[in-house]
Student: 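Can you keep this structure in mind? I'll have questions shortly.
Naming convention: chains lettered A, B, ... in sequence-line order (proteins, then strands); numbering from 1 in each chain. In this text, all values refer to a predicted model and were calculated from it rather than measured experimentally.
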Amino acid sequence: MKRANRPLHANEQQLLSLTLAVCAIPHLLEQPWWLAVSLGIILLALSRLSADLRLRIPRYTHIVLGLLVAILVFQAYKTLVGREGGVAVLLALCIVKLVETRYLRDARALILLMFLLTGIAFLHSQELWLAAYSLASTATILYCGQKIEQEILPIRTNTKTTLRLILEGIPIAILLFVLFPRLPAPLWSMPDNNTAKSGLPGDQMSPGSIGNMIQDESIAFRVQFKNNTPAKSAMYWRGPVFEDFDGERWRPAFTQQNLQAGAAQSQWVNKNPAQIIGLGQSYQYSLTLEPHQQNWVLALDVATQTPANTHLSNRLQVLSEVPITERKRFELQAQTSWITSGESNRQIERSLALPAELNPQASALAEQWLNLPTEQRVARALQWLTEGGFSYTLTPPVLTSRHRVDEFLFQSKQGFCEHYASAFTFLMRAAGVPARVVTGYQGATQNGDYWLIRQADAHAWTEVWLESRGWQRVDPTFVISPTRINAGIARSVESSALPFMLRSDNAWVRNLRLKADIVINTWNQWVVGYDQQRQSDFLKKLGIDDFLTGAFLLWLIGGLAVILGSFAAWLIYKNRPPRPDAASQAYRLFSKKLRPILRADSEAPQHFAARASEHFPNHAKQIVTITQLYLKARYAQEPAALRALQREVARFNPQRKS
Amino acid sequence: MMVSVKQSIVAYWQRYWLQFLRSRHPTETGRIRIRHQRLYILPTLYGLGFALIALTMLIGALNYQLSLGFFFSFLLIGIGHAILLRSYANLLGLQLSAGNAVGVFAGENVYFPITLHNEKVQARYGVQLHTMSQEPVDCHIEGLTHQLVALPINTLRRGKLKIPRLTISSRMPMGLFRCWTYVNLDSEVLIYPQPELNPPPLPEQGNISQGRKKLLSGNDDFAGLREFQRGDARHDIAWKQSARSEKILVRQQQSTQGATLWLSWDDIEGLALEAKLSRLTAWVLQAQALNRPYGLALPTLAISPGHGQDHLQRCLCALAEYADS
């Protein structure tokens, strides 16, 4: 116990501060800036304090500092517990603990806290870089931990030991990672999340709401098709559906909020799900969704099979029961052409509603088609768009008039997908065809064996209801700019307006980024996304059907035995007694042959020879010869004597009566 | 009642433990190699804290379904295991041998020279040697070398002192585990009786009193000078002559012949056995300091008069080993 009370030296204190700084960086990056700055300043100030000064800090200082930090954290999060608040409290605790650290015992406690701090950094994110960083900070802690235990440890030895400790720990970590049973649900609470929503706006669609996303090159989701892949132009990924139009904005029939509240579920979701009859090929695929804090599972249009914990709404959307707050993987099946039936009349009527007295020009145009059959009206409208001199642009003029649809259709004639979807849906409704706006993503970028869908692929299109075929997709953008659908956004608008990654003129950077995405995707699929589902799939391949079966125990115990056993064997091998030289081996054999006379370790060969000769008088001469040869071979290092010794010993047989 | 039960359990346990130690760790001669069969390891409090952190991480990972949280907590377990092996390897294969200690007087510390041999390339840090009573001695042994440690042992009684059972322990590299073993080395030392602090003057008898007078009268029987040796009395140093030469010189006296002393057990009366031995020891030392020949007479043994280091040693050994029969 005395050792633990050893005061720390100045350089040890500084090493501890430095180590804590290394561990704290990922956390400081996630805190509100003023909290991060204040904690950073405290940390910096403490690490510069000399040991002498530190010993003179009065004891109450850390209480004052602790309270101060608690107030700061409470200011930032309005709580001291929970995910965000808890992490901040722990971080602050570690920093305050540094003030108190004077003895080896304190330093040990701090080392343990720092391990915890490093571990909980994964609450912020599970990116590849953070994993690498955490390994580095673990190494730093181990380095520091060894240094405080043993001051004279040279840097080289310490570094080497630290790296070896981590390398030796990894096989066990991998084995347990693969085999340790995952739970399907959290133990006590869902992570509370107040991170900003990203992705498609689900509450409204107004001009610009999708156009703005074109600048966002972050990844929305990744898709891997099982057997066959649809054409790129058929890849429509369905998200929010909008039905109510006020002349300026489109709003959904139910919103994210009431979806989450559960009220809408009974009213809109479970009632009369339309029947889908698939035509042509169906596609099986798995979709890995980045968290977007909403319920949409951006399934390929239209989903014919939905995974567990999701359902198909009567807007044909696949909805997750809980908002997607973590990267999640879904196995889905889709149909790119279909017929629906059995929609409710209420829904169809709602899809005809238009705000009164708005956009008279467009209404008048649509009324000209009223006497045509329904399908003809759609074709007519598309034709009108094709011939109307419209252009597809990312930077359309801002619409300001009260009659926005009119302004767009008859004056500016420049727009992005949401302008076309909005205007076309208006025309359809005015022409008596039930129609609605669907938003989601269109297209994908192939990368290795999977497809990437970025936020920039966001798209809006129209769906019309036809008596004979139910809801059908009509994409007015397609007639304006077919390349948008066939070749993607990069080919259809002027290059300078696009984000760097989507431009067609820096292929190599894009390729590099795509290669990097393969790494990230593999990481996400196999490490971060290694959940219960993945685990059971993977374990089935190993022949494990369930936990606590023979096969599982065999893998677990066998794996541990192999890893631990090989370490132990290596250890014993490294520490084995030095192998005796050839002369000693021969002599040992000779001693064995002289049983029952036993030679004590301390007995000199000559004494032993004398004793043995007494017991085996017939062999006395041979015994003396062998002893002399042994002495020559062993101590005079004569090679000839060694050979003679080995020969003599081989021939020697005292048990035989001669 | 309860107390006696508890005491008997404790006593039983202690007996059992000592029995276990004796059978598992018998006295060994020569170089002792620490083998894995006799090396024990347990986590320290710090180590248990580490395990608690790993467990906390695991529960957190289960709750928040963090794959990397799982990985990190398993990594901590793996690192803990690697540290366990390293703590074990730090002592495994270490070899010890004890040298002969120099005899001391009871009450002084005897230093057993213990050599720690490291045949590994890696250094062994933070190896601690403990005896029952003493502070642990901390040492580290570089790779492929050996290190000599003088292990102080408190002596209380005269007689043979066997080196007590040693505990060799280490917490390196991280302090999470304490690894240890017991070693019974085969090394003994003779502890001489403690010399009496203020002994009465040497027992001059008959004609010896004359010699004593002579001695006191000064340098009549001055026989020459010789070089200073350890153990020479300071008042014998010939300061004037020494100042002239390079060396420290000591006066040699002629008086030795006639002034033979008999230090006899029987001369001392009214003292306990150990006190008698103490006094004899003190006298022997005094006589040696005066460089006078002396003989020692014990009830069981008599050492004829003589002088010099060997003679002194013989007398001290006789005193140390004296057994009242």
Side-chain angles (χ1 to χ4, degrees), chain A residues 2-3 83 108-109 111-113 115-116 118-120 122-123 126 130-131 134-135 138 142 145-146 149-150 152-153 157 161 164-177 180 182-183 186-189 191 326 527-531 564 567-568 571-572 574-578 601-602, chain B residues 29-30 33-36 44-46 49-50 52-54 56-86 88-89 91-95 119-123 125-126 128 135-136 138 140 171-176:
Chain A
K2 213 164 182 303
R3 270 181 71 82
R83 184 143 131 175
R108 284 175 174 167
I111 294 273
L112 293 182
L113 281 176
F115 275 121
L116 193 60
T118 308
I120 61 169
F122 298 121
L123 282 172
Q126 301 193 71
L130 186 62
S134 293
L135 270 187
T138 308
L142 283 174
Q146 292 188 74
E149 293 295 323
Q150 191 62 63
I152 51 168
L153 205 60
T157 315
T161 315
R164 297 260 305 253
L165 285 177
I166 290 182
L167 284 181
E168 286 170 29
I170 284 175
I172 295 177
I174 291 175
L175 181 82
L176 290 175
F177 180 78
F180 188 84
R182 302 298 199 278
L183 296 181
L187 284 176
W188 66 83
S189 73
E326 244 129 55
V527 181
V528 178
Y530 191 78
D531 56 3
L564 305 189
F567 278 138
L571 178 68
I572 290 172
K574 286 278 280 187
N575 283 284
R576 73 202 182 283
D601 281 344
S602 55
Chain B
T29 50
R33 183 185 181 85
I34 299 179
R35 294 183 188 281
H36 60 92
T44 57
L45 203 62
Y46 184 30
F50 183 83
L52 193 69
I53 294 291
T56 310
M57 281 298 312
L58 188 61
I59 291 170
L62 272 171
N63 188 50
Y64 290 106
Q65 310 203 305
L66 295 174
S67 277
L68 285 187
F70 279 109
F71 187 83
F72 189 76
S73 67
F74 297 142
L75 183 66
L76 285 189
I77 292 171
I79 287 173
H81 176 257
I83 290 173
L84 177 117
L85 284 186
R86 248 152 222 284
Y88 197 73
L91 287 188
L92 190 65
L94 181 68
Q95 297 180 40
E119 285 181 352
K120 278 203 305 184
V121 183
Q122 287 89 15
Y125 289 100
Q128 289 192 314
E135 280 285 297
D138 229 350
H140 84 272
R171 288 159 198 257
M172 292 307 119
M174 268 287 279
L176 300 185

Student: Evaluate the criterion side-chain contact (heavy atoms from CB on, under 4.5 Å) for residue pair A/F122 and B/S67; output intermediate values, then yes/no.
Tutor: CA-CA 9 Å; A/F122 298 121; B/S67 277; over 6 Å; no

Student: Please report the shortest heavy-atom distance between A/L112 and B/I53, naming the atom on each side.
Tutor: O-CD1, 3.7 Å

Student: Can A/Y530 and B/L68 be said to form a side-chain contact (heavy atoms from CB on, under 4.5 Å), step by step?
Tutor: CA-CA 9 Å; A/Y530 191 78; B/L68 285 187; over 6 Å; no

Student: At a 4.5 Å cut-off on heavy atoms, which part of B/L76 comes close to chain A: side chain, backbone, both, or neither?
Tutor: side chain

Student: Looking at chain B, which one of A/L165, A/L135, A/I172 has the largest number of heavy-atom pairs inside 4.5 Å, strictly under?
Tutor: A/L165

Student: Under the side-chain contact (heavy atoms from CB on, under 4.5 Å) rule, what do B/H81 and A/E168 come out as? Steps first, then yes or no, please.
Tutor: CA-CA 8 Å; B/H81 176 257; A/E168 286 170 29; over 6 Å; no

Student: Among the options A/L130, A/I152, A/L113, pick out the one with the most heavy-atom pairs lying under 4.5 Å from chain B.
Tutor: A/I152

Student: Let's test your reading of the structure: which of A/T118, A/L176, A/T138 forms the most heavy-atom pairs below 4.5 Å with chain B?
Tutor: A/L176

Student: So which heavy atom on B/L75 is nearest to which on A/I166, and how close?
Tutor: CD1-O, 4.3 Å

Student: If we define contacts as heavy-atom pairs under 4.5 Å, which of A/L564, A/I174, A/T161 has the most with chain B?
Tutor: A/L564

Student: Stepwise, does the side-chain contact (heavy atoms from CB on, under 4.5 Å) test hold for B/M172 with A/E149?
Tutor: CA-CA 7 Å; B/M172 292 307 119; A/E149 293 295 323; 4.1 Å; yes

Student: Taking the inter-plane angle between the rings of A/F177 and B/F71 on a 0 to 90° scale, is it parallel (under 30°), tilted (30 to 60°) or perpendicular (over 60°)?
Tutor: perpendicular

Student: Could you tell me whether the side chain of A/F180 reaches within less than 4.5 Å of the side chain of B/L62, counting heavy atoms only?
Tutor: yes

Student: Side chain, backbone, both or neither: which part of A/L167 has an atom under 4.5 Å from a heavy atom of chain B?
Tutor: neither

Student: Shorter than 4.5 Å, heavy atoms on both sides: which option in A/A109, A/P171, A/G119 has the most such pairs with chain B?
Tutor: A/G119

Student: Which residue out of A/L123, A/L175, A/I120, A/I111 racks up the most heavy-atom pairs below 4.5 Å with chain B?
Tutor: A/L123

Student: What part of B/L176 is in contact with chain A, defined as an atom under 4.5 angstrom from a non-hydrogen atom: side chain, backbone, both or neither?
Tutor: neither

Student: Does B/M174 offer a backbone N or O that forms a donor-acceptor pair with the side chain of A/Q146 under 3.5 Å?
Tutor: no

